[in-house]
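Working notes, structure below.
For ligands, and for the atoms within them, numbers begin at 1 and follow the listed sequence.
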Amino acid sequence: MTHCINPLSPTLGAEVVGLDLNEPLSDAVFLEIERAWQDANGVLVFRGQDLAPEAQIAFSRRLGDLEVHVAKRYLLPGHPEIYRVSTKQDANGKAMGNPESGRYWHSDLSYLDPPAKASLLYALEVPPIGGDTMFTNMAAAHDALSEPVRTMLNGLMAVHDYSYVRRMFSPGFGRSADPNQVPPVRHPVVRPHCDTGRKTIFVNPGFTTHIEGLSRHESGAVLAFLFEHATRPEFVYRHSWSVGDAVLWDNRLTMHHAVHDFYETGGVRHMHRTTVMGTKE
Ligand code: OGA
Ligand code: MN
């Protein structure tokens, strides 16, 4: 089957049409996909998939080892590598997946060291309208900083903490995991991408608590500036989902944000995510 790859926005994102991820990809096609992913600045949309959990896991594994998410109650029974993002409930009224899924800018698993390499989110059901996901290009955001600001950020380390987001955004959310099992970690504020060496801004409003060595006031102001800067519209691609889309993103190069605007429409959104672990630089 021949496939084609089309850009989705000037800053990041491309779609792959005509490639079935249920079929094992040849090494040549896999390499082409890896390059296209990099060329698209870390967001690749595979259209028209009908992905069995085993196939999603097998494809994701070619990118690296898989992470079993800390929020155990949302894992797909029998396939703990699949984390469910869902507004659906089972017959007993139990949530079938995380209904809150990242409604703030973040990078998956930045609270681990090393942070996640990639996530692959596959849409089984989407609302008729709404429920988009936004992505932003953190290398382009870095490159747009002035030299004096880059100099100031050089060498700074930031702390990332899994339990932070719960305090900040959704009181009561996240009881599914014990935050004590996930101690805070440190990452450089400007982090070279492990595969390309490109500099990226690696802080996010979801998990970054503060920048070390700065006063609380300074850290808050610098982070607020970086978040505002990195989410300027010219760095953002907004993905409007169709059933069968499988979106692969690079957590070291992008942040993402779920748009929770469809609850009142009664729309249903049901997705399967695999997460590829990063490697130490
Ligand atoms: C995630 C996530 C975004 C979305 O699964 O990591 O942030 O739009 N999801 O559901
Ligand atoms: Mn996420």
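For the ligand labelled ligand 1, residue Y104 lies outside the 4.0 Å heavy-atom shell. Between R103 and ligand 1 there is no heavy-atom distance shorter than 4.0 Å. Within the 4.0 Å heavy-atom cutoff, R269 counts among the residues contacting ligand 1.
Within 6.0 Å of CD1 in I129 there are 12 or fewer heavy atoms belonging to other residues, nucleotides or ligands.
Between the S119 side chain and the T275 main chain, no donor and acceptor come within less than 3.5 Å of each other. For the pair Y122 (side chain) and L51 (backbone), a donor-acceptor distance under 3.5 Å is present. Checking side-chain atoms of H229 against main-chain N and O of A141 turns up a donor-acceptor pair under 3.5 Å.
No other N/O/S atom of D108 lies as close to the Mn ion (ligand 2) as OD1 does. If you look at H256 and ask which of its N, O or S atoms sits nearest the Mn ion (ligand 2), the answer is NE2. The Mn ion (ligand 2) lies closest to atom NE2 when only the N/O/S atoms of H106 are considered.
Between R103 and D261, none of the side-chain N atoms (NZ, or NE/NH1/NH2) sits under 4.0 Å from a carboxylate O, so this pair counts as no salt bridge. Ion pair D245/R47 flagged as a salt bridge, since at least one NZ, NE, NH1 or NH2 atom sits closer than 4.0 Å to an Asp/Glu carboxylate oxygen.
The protein non-hydrogen atom at the shortest distance from atom 3 (C) of ligand 1 is A258 CB, 3.7 Å. Annotation: atom 6 (O) of ligand 1 to nearest protein heavy atom, R273 NH1, 2.5 Å.
Ring orientation note: the planes of H260 and Y263 are tilted relative to one another, at an angle of 30° to 60°.
H256 and H106 have their aromatic ring centers within a separation under 6.0 angstrom. Ring pair F135/W249: centre-to-centre distance below 6.0 Å.
Using a 4.0 Å cut-off to heavy atoms of H106, the atoms of ligand 1 that qualify are 7 (O). Of all the atoms in ligand 1, the ones that sit under 4.0 Å from a non-hydrogen atom of H256 are 1 (C), 2 (C), 6 (O), 7 (O). Atoms of ligand 1 lying under 4.0 Å from any heavy atom of D108, numbered from 1 in the order shown and given with element: 6 (O). Annotation for ligand 1: atoms under 4.0 Å from non-hydrogen atoms of T133 are 4 (C), 8 (O). Per-residue contacts place V85 under 4.0 angstrom from the following atoms of ligand 1 (heavy atoms of the residue considered): 5 (O), 10 (O). The contact set between ligand 1 and W249, taken as ligand atoms under 4.0 Å from a residue heavy atom, comprises 6 (O).
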